[in-house]
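So the structure is just underneath, and the comments pick up after that.
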Amino acid sequence: MSKIPASVDATLDLLTSRGYLAERSLATVVYLSLKMGRPLFLEGEAGVGKTEIAKVLSTALGRKLIRLQCYEGLDVASAVYEWNSAAQMIAIRLAEASGETDREQLSADVFAEKYLIKRPLLQALEPDVAGPPVLLIDELDRADEAFEAYLLEILSDFQVTIPEFGTVKAPQAPIVIVTSNRTREIHDALKRRCLYHWVDYPNAERELAIVKSRVPNIGAKLSQQVVGFVQALREQDLFKVPGVAETIDWATALTELDARSLTPQVVGDTLGALLKYQDDIGRMQGPALDKVIKEAVNDPAA
Amino acid sequence: MPDDIETPAAGLIADNVVGFARALRVAGLPIGPGAVIDALKAMRLIDIGNRADLFTTLKSIFVKRHEHALIFAQAFDLFFRRAEGTESMLDSVPLPPEAQKPPPPASRRVQEAFSQSRNIEGPEIEEKDVQLSVSDREVLQRKDFAQMSAAEIAEVTRAIAQMKLPQAELRTRRFKPDARGQRLDLRRTLRGSLRTGGEIVKFQRLGRIDKPAPIVALLDISGSMTDYTRLFLQFLHAITDARKRVSVFLFGTRLTNVTRALRARDPDEALAACSSSVEDWAGGTRIATSLHNFNNLWGRRVLGQGATVLLISDGLEREADSRLEFEMDRLHRSCRRLIWLNPLLRFEGFEAKAQGIKMMLPHVDEFRPVHNLKSMEGLIAALSSSQPPRRIDSRSAA
């Protein structure tokens, strides 16, 4: 278990040491969230590295990563806890067979911790030898509003109330990262309990560093052209512009194909790694594509 | 860890932060006292001589919506203005790029917030008590909104305020206790069995939860729609209030999301909030551009769960070209049902002659008139039917 960093610079170093090249502003909010014990609410377009930050934090600090992927229809039973009804049923039958009649005792036995199936949120409240875990609540905007309200108790007091069992409270607050792609607005009550940060696309310089660190065997010329091209693409009027994750995918694809530099042919063949909408791919063909390539090749990112 | 945080900072810095928070509040950011305490705590953790870190720290606490980031940046710049002499100390690290952009028009709002001299006094409106007889009401039902007197509009407004949208419901994947449900609820069955000493007397069941389908309204507020805009806003406010899954966008030459503004309880307050957030009231129309912006920025956010789209516009677009058709098609494909409400349909023998209307028509599921109370009620009835036909022949429906 590593200690949590003692300053903004230390946080920046910690993230960099694990290959996450963060903006200073992101490192500042991460540091504050660790220090103040507050959840960190990250918003931004898909593929800018919101989820990644939780993964990096957990490995860098040597903590367990508990991930809750949200989806429409996520309910308490699959997010927090559930009773193992089948096992309870067997216990009741066994008690009957052995002639036990004490109802109070039976109820206490049946609703004991061993019949409790712990889902991610409850797991995150448990003490861990490595220190409080990192809890990633991913894409909260996909869950229903009702679930959001349930999170309020967990995120402010770090406790869960189970009617038959009592209240479970975390001895130490877990490190919580909440992400949202803004498919809908999250309620202010929840945001108020968190530190908020908007994660933006990186600038050319940072993106170049990210590509170099994530795709180590890429050539210097190709990496500059790749970043130049992606940055130019983000200026275009597209339905969905590529994120950093797409840049890395594309750079990997190009190195797999042994490309040395960008040509209309090779870009056209691999554009699917960057653009995920047929309309966008259609728009980026022929002269429009040539123009962007020319810009990227002539005017490298550095 | 929170335990090594002592009492919040005191003295001049504390005063500054409190004053800053107050100014932001006037500029429209929702900041509670809790946030101010948080900010003071957080400031003890960082090096406040570092302007960029101070900026990020205060921002992460005071800004909870991305739209507010710009206002915050401007306010920060004004409030923590570099004093001569201290410049070298404060500016050891450059500010993040979003704080360095030149101030756009919004900064007037911030300037005003700082000068604290806003007088919000609207023109006084004389109130008249209007009581209409039953037969008057009959007439009102069919009277065109554009030809109403102020008193009549007041009466219609009252009628609109009472409109409630019955819930057109979609089946979700969540379950709730339901005696006639399909699924066995073992958890509740077992808990119930304890009451009878472990004997299961009754099986508890679960059924699916039904949820109201979202509604997204796109309201044209260009000059040609002036006579109708206010009443439609009243209408949208009435249905927004009743159910929470309504998003409202206004468009003329640009697109504005006014969903939040419309949530205010009082209709007048809501409408005032709307008009203050819109910059192009009663200007020109650029339907294609506005739809393009909607599709790119909001489509995936608000149309996700089988939304019904109400496009309220007269379709009088000057620059009708293939872009309009493309955007309409995209909008149509990304929602469950697209209803076009057009006040021009009030004219008998209306024919879709304008180029823009011709281009939009093939891409709507339904084409309805909205110009009087009667047609609004018809609309409500249509919205509450749970299984709408997709793609009926729009021209014959007109």
Side-chain angles (χ1 to χ4, degrees), chain A residues 4 7-8 23-26 28-29 31-38 40-41 43-44 71-75 77 82-83 85-86 88-89 92-93 95-96 101 103 106-107 110 141-142 144-146 164 172-173 181-185 188 191-192 194-198 200 203 237-240 279, chain B residues 1-5 30 32 34-35 38 41-42 45-47 50 52-57 59-66 69 93 96-98 172-175 186-187 189-191 193-195 197-200 209 211 214 244-245 247 259-260 292 295-296 299-302 304-305 326 330:
Chain A
I4 59 170
S7 69
V8 178
E23 304 266 345
R24 190 180 170 86
S25 54
L26 179 59
T28 310
V29 289
Y31 163 70
L32 283 174
S33 129
L34 292 174
K35 206 77 179 160
M36 297 169 76
R38 280 297 182 86
L40 179 58
F41 191 101
E43 256 185 349
Y71 53 88
E72 196 181 358
L74 178 68
D75 56 3
E82 197 169 16
W83 288 105
S85 306
Q88 286 174 317
M89 200 80 83
I92 293 173
R93 291 287 171 238
E96 271 179 357
T101 47
R103 265 210 251 173
L106 182 66
S107 153
V110 164
D141 48 334
R142 289 178 185 274
D144 310 83
E145 285 93 335
E164 304 89 345
Q172 272 181 305
N181 289 334
R182 288 230 295 180
T183 56
R184 69 178 174 79
E185 286 294 345
D188 285 349
K191 285 181 166 181
R192 219 180 53 224
C194 308
L195 296 177
Y196 175 88
H197 187 72
W198 176 264
D200 226 331
N203 58 21
D237 185 20
L238 294 176
F239 193 57
K240 170 75 183 86
D279 293 341
Chain B
M1 292 293 108
D3 42 46
D4 53 9
I5 301 168
D38 278 352
K41 276 187 192 158
L45 296 170
I46 56 153
D47 168 20
N50 184 328
D53 283 2
L54 179 65
F55 177 85
T56 318
T57 302
K59 188 171 153 192
S60 73
I61 290 165
F62 288 149
V63 177
K64 301 292 179 193
R65 295 167 66 74
H66 185 47
V93 182
E98 71 262 33
T172 69
R173 295 186 49 213
R174 289 161 42 121
F175 290 90
L186 264 181
R187 197 201 292 198
T189 304
L190 203 71
R191 207 189 303 159
S193 77
L194 287 177
R195 240 171 273 144
E199 203 59 56
I200 292 171
I209 293 178
K211 196 158 99 168
K244 298 299 174 204
R245 295 181 83 194
S247 315
T259 310
R260 283 242 155 181
H292 174 77
N295 285 334
N296 276 19
R300 272 162 298 169
R301 291 187 185 138
V302 295
Q305 300 120 341
F326 177 82
R330 158 135 262 158

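Note on naming: letters A, B, ... go to the chains in the order of the sequence lines (proteins, then strands), and numbering restarts at 1 for each one. For the numbers below, each heavy atom of this structure counts, side chains included, while hydrogens, waters and symmetry mates do not.
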TODO: Answer yes or no: are there more than 12 heavy-atom neighbours, outside A:R142 itself, under 6.0 Å from its atom CZ?
DONE: no
Open item on the list: Under a 4.5 Å cutoff for heavy-atom pairs, which residue among A:V110, A:D188, A:D75, A:N181 has the most contacts with chain B?
Closed with: A:D188
Open item on the list: Can you tell me which portion of A:L40 sits under 4.5 Å from chain B's heavy atoms? Options are side chain, backbone, both or neither.
Closed with: neither
Open item on the list: Using heavy-atom distances under 4.5 Å, tell me whether B:F326 contacts chain A through its side chain, its backbone, both, or neither.
Closed with: side chain
Task: Interface moiety of A:A95 toward chain B, non-hydrogen atoms closer than 4.5 Å - done: neither
- [ ] Name the option with the most non-hydrogen atom pairs under 4.5 Å to chain B; the candidates are A:C194, A:A146, A:S85.
- [x] A:S85
Task: Salt bridge present between A:R182 and A:D141 (N-O < 4.0 angstrom) - done: no
Open item on the list: I'd like to check A:H197 versus A:L32 (side-chain heavy atoms, cut-off strictly below 4.5 Å). Are they in contact?
Closed with: no
Open item on the list: If you define the side chain from C-beta out and look only at heavy atoms, does anything of B:L186 sit under 4.5 Å from A:M89?
Closed with: yes
Open item on the list: Has A:Y31 got a side-chain atom pairing as donor or acceptor with B:I46's backbone, closer than 3.5 angstrom?
Closed with: no
- [ ] Under 4.5 Å heavy-atom distance to chain B, tell me which part of A:S7 shows up: side chain, backbone, both or neither.
- [x] neither
Task: A:Y71 versus chain B, the contacting section by heavy-atom distance below 4.5 Å - done: side chain
TODO: Could you look at B:A42 and say if it's the side chain, the backbone, both or neither that has a heavy atom under 4.5 Å from chain A?
DONE: both
TODO: Let me know if A:E164 has heavy atoms under 4.5 Å from chain B in its side chain, its backbone, both or neither.
DONE: side chain
Open item on the list: Any side-chain to backbone donor/acceptor pair from A:Y196 onto A:E43? Under 3.5 Å, distance only.
Closed with: no
TODO: Under 4.5 Å heavy-atom distance to chain A, tell me which part of B:R65 shows up: side chain, backbone, both or neither.
DONE: both
TODO: Look only at the side chain of A:D200 and the backbone of A:G44, and say whether a donor-acceptor pair between them is shorter than 3.5 Å.
DONE: no
TODO: Nearest 0.5 Å please: distance from the CG atom of B:D38 over to the CG atom of A:L195.
DONE: 7.5 Å
Open item on the list: Heavy-atom pairs under 4.5 Å with chain A - which of B:T57, B:I61, B:D47 has more of them than the others?
Closed with: B:T57
